[in-house]
Undergrad: 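Attaching a single structure in structure tokens format; questions to follow.
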Amino acid sequence: MDADLAAVEAALAWLYLPGMAAHRAPAPRHRWLAVVSSLRAHLPPSVWPQALRHDNLWEEALLLDSLPPVPAAPPFGGAWALTGASPVFPARWLQYLAHRCPPAFWAQGPALAAAAQCVSVVGSRQLGPADIDLATSVGWALARAGYVVASGGALGADTAAVLGVGAQRGSTAQAIEVLPHGLALGVTTWSGSVPRPGVLRLSASAPTARFTAPSAIERNTLLYTLGLATVVVRCQHDTGGTWSGATSALRRRLGPVFVFHDDANFARCGADMRAAAAALVARGATPVRDIDTLLAGLSALAAQPYHGLGPQRQASLFA
């Protein structure tokens, strides 16, 4: 990384990462793309506060006045900042969410290659053994096919898919967990996220921040716009975070959605989960009966010159 880019990333982390400066709140997000443009246009960094004031970015200028010459140590071990100025920041977030995307994340784990192709996997926290096995097999198969598996860090389907990626021993398979809470929070009754080899954990919250509903809504939008498509393993009908996230993503056209429907385990699912799968298909999700069908659908998507959102559409995180 060149010195200029490193300086821009340090400035973004100082401005926008919750918990980076414990004595104050982060800068408001909605102007962060304008801030990046101004920083890149005006070097060296010593002139940035003056340049931001010239561009009517007064609040950000005031905060950069207090930027330390050497960035502060992370609030807990192994953390680093992934910002919107990084070459490995997910391009789809910038393309489809633009200024509505969090400008900086706390990160823990290995950075991903800029060209990494992601597929998100989500599902209910309350799954029987057969459906846990299905979610694990989905993660394993996606990793074997060369995809980076992204998930939301919850117990159940999310954790099982990531563990399936980890079962690819001897490979360079990786996974991403986009979390609705801080990295330092630890495992709770609703979260299965713990540091694992090969897993990049991302959080737009302060390191010790607890789960909140707005953070979960934001996390869902980030997952559904992150990659090639999103796979819903199972969800409950008309209730729960997976149902809410999937129906919202379909309504807002955040990207292609696949859902397991009429598969080998389908008859053994609860009636609410069978109803949920049928309802998601009725709303525009693509049904898949097995993993081979899923992989074929993903390959067809990847071969298209364009997939996902409409070319002029930008998604709000909370719409």
Undergrad: Listing request: all side-chain hydrogen bond (donor to acceptor under 3.5 Å, both in side chains) pairs with a residue in residues 32-46, at least two apart in sequence or in separate chains.
TA: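 As it turns out, the side-chain hydrogen bond (donor to acceptor under 3.5 Å, both in side chains) pairs with a partner in residues 32-46, which skip direct neighbours, are S38-D55.
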Undergrad: For the pair E218 and R29, find out whether any cationic side-chain nitrogen is under 4.0 Å from an anionic carboxylate oxygen.
TA: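 Yes.
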Undergrad: How about F105 and W80: are their ring centres within less than 6.0 Å of each other?
TA: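 No: the rings miss the under 6.0 Å criterion.
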Undergrad: Between H181 and S203, do the side chains contain an N or O donor and an N or O acceptor separated by less than 3.5 Å?
TA: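 No pair is found: no donor N or O on one side chain lies under 3.5 Å from an acceptor on the other.
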Undergrad: Using 0.5 Å steps for rounding, measure from the CZ atom of R100 to the CG atom of L94.
TA: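 Answer for the CZ-CG pair, R100 versus L94, is 13.5 Å.
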Undergrad: State whether the number of non-hydrogen atoms from other residues, nucleotides or ligands found under 6.0 Å of Q236 atom CD is greater than 12.
TA: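 Buried by this count: over 12 neighbours within 6.0 Å.
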Undergrad: Between CG of D158 and OG of S193, what distance do you get to the nearest 0.5 Å?
TA: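 One gets 10.0 Å once the value is rounded to the nearest 0.5 Å.
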Undergrad: Shortest non-hydrogen contact from L228 to Y147?
TA: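 Shortest heavy-atom contact: CD2-CE2, 3.9 Å.
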Undergrad: Return yes if a side-chain donor-acceptor contact under 3.5 Å exists between T83 and E9, otherwise no.
TA: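 Yes - a donor-acceptor pair under 3.5 Å links their side chains.
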Undergrad: For the residue pair L64 and L15, establish whether any side-chain heavy-atom pair is separated by less than 4.5 Å.
TA: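 Result yes, sub-4.5 Å side-chain heavy-atom pair found.
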Undergrad: Just wondering, are more than 12 heavy atoms of other shown residues or ligands nearer than 6.0 Å to CZ in R31?
TA: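 Check passes, neighbour count above 12.
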Undergrad: Got a second to check how far Y16's OH is from L63's CG, nearest 0.5 Å?
TA: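 With rounding to 0.5 Å, OH (Y16) is 9.0 Å from CG (L63).
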Undergrad: Grouping I, L, V, M, F, W and Y whenever their side-chain heavy atoms are under 4.5 Å apart, do L39 and L43 come out in a common cluster?
TA: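 The answer is yes; both residues are in one hydrophobic cluster.
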Undergrad: Kindly state each residue pair satisfying side-chain hydrogen bond (donor to acceptor under 3.5 Å, both in side chains) with at least one member in residues 270-287, sequence neighbours excluded.
TA: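 Listed by first then second residue: nothing to list.
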Undergrad: Taking D263 as the fixed residue, which of R234, R268, R289 is the one that meets the salt bridge (Lys or Arg N to Asp or Glu O under 4.0 Å) rule?
TA: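 Going through R234, R268, R289 one by one, the salt bridge (Lys or Arg N to Asp or Glu O under 4.0 Å) with D263 is satisfied by R234 alone.
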Undergrad: Strictly below 4.0 Å, N to O, side chains only: are R53 and D65 in salt-bridge contact?
TA: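 Yes, R53 and D65 are salt-bridged.
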Undergrad: Taking atom types as modelled and ignoring hydrogens, do the side chains of S215 and T212 form a donor-acceptor contact shorter than 3.5 angstrom?
TA: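 Present: a donor and an acceptor within the cut-off.
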Undergrad: Run I176 and V199 through side-chain contact (heavy atoms from CB on, under 4.5 Å) and show every step you take.
TA: CA-CA 6 Å; I176 303 174; V199 179; over 6 Å; no
Undergrad: The test is side-chain contact (heavy atoms from CB on, under 4.5 Å); show your working for L202 and L200 and say whether it passes.
TA: CA-CA 6 Å; L202 297 176; L200 173 62; 4.0 Å; yes
Undergrad: Sequence neighbours excluded, which residues qualify as salt bridge (charged side-chain N to carboxylate O under 4.0 Å, His left out) partners of D238?
TA: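 Residues passing salt bridge (charged side-chain N to carboxylate O under 4.0 Å, His left out) with D238: none at all.
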Undergrad: Taking the side chain as every heavy atom from C-beta outward, state whether L222 and P102 have any pair of such atoms under 4.5 Å apart.
TA: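 When only atoms from C-beta onward are counted, P102 and L222 do touch, with a gap below 4.5 Å.
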Undergrad: Should the heavy atoms of other residues, nucleotides or ligands under 6.0 Å from CD of E59 be counted, would the total exceed 12?
TA: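 Result for CD/E59: enclosed.
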Undergrad: If I compare all heavy atoms of V8 with all of W48, which pair ends up nearest, and what's the gap?
TA: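 Of all heavy-atom pairs spanning V8 and W48, the closest is N-CH2, 3.7 Å.
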Undergrad: Say whether D133 and T136, considering side chains only, have a donor N or O and an acceptor N or O under 3.5 Å apart.
TA: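 Judged by distance alone, the side chains do not pair up.
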